[in-house]
Amino acid sequence: MTPCRNCGQLNDDMVRICRFCGAGLAPQPQATQQQEYTPPPYGWDESSPPPAAVAQPYAAPPLANGAGYRCPRCNATYLPIVEKKISSEGMLIFILLLFFCFPLCWIGLLMKQESRVCPVCHANLG
């Protein structure tokens, strides 16, 4: 087995290109002593799966140039997330048109309003 000089993975002696990274393998001179295997720079090898990604909460990028925004609830300096939801007037129009003119009831669902939410504490900012 020949270790790759680029990624450190072991390859068969017959191959000329590393099957892991695609780097060319130089022919190894026949030496009497065996070369030491150096582990790859990351923390797992091919036999064990990589560590599972840890789910982290959404972190919005901070404001550019320190514009001075702060969440009133948690004092976070992240920009609020803008969400569009169906407005209460839109739901009223939907229900009325559902009873009086069924084919046009979808019009009420098009009436949306914007609401801003803090990405850290999920407080409704208006």
Less than 4.5 Å apart, side chain to side chain, heavy atoms only: is that true for [X] and [Y]?
X	Y	answer
Leu97	Phe102	no
Leu125	Val117	no
Val120	Cys71	no
Asn6	Cys18	no

Qualifying salt bridge (charged side-chain N to carboxylate O under 4.0 Å, His left out) pairs with a residue from residues 92-108, counting only residues at least two apart or across chains: none
Contacts of Arg116 that satisfy salt bridge (Lys or Arg N to Asp or Glu O under 4.0 Å) - sequence neighbours left out: Glu114
Hey, quick one: are Phe99 and Ile93 part of the same hydrophobic cluster, counting side-chain heavy atoms closer than 4.5 Å, chains of contacts allowed?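 They do not share one cluster, since no chain of ILVMFWY contacts under 4.5 Å joins Phe99 to Ile93.
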Under 3.5 Å, side-chain donor or acceptor atoms of residues 80-88 against the rest of the protein: list the pairs with distances, not counting sequence neighbours.
{"from": "Ser87", "atom 1": "OG", "to": "Gly90", "atom 2": "N", "distance (Å)": "3.1"}
{"from": "Ser87", "atom 1": "OG", "to": "Met111", "atom 2": "O", "distance (Å)": "3.4"}

Nearest non-hydrogen partners of Phe94 and Cys105, listed with the distance: CD1-O, 3.0 Å
How long is the gap from CG on Leu96 to CE on Met91, to the nearest 0.5 Å? 11.0 Å
A quick test of your reading: do over 12 heavy atoms of other residues, nucleotides or ligands sit less than 6.0 Å from CD1 of Ile17? no
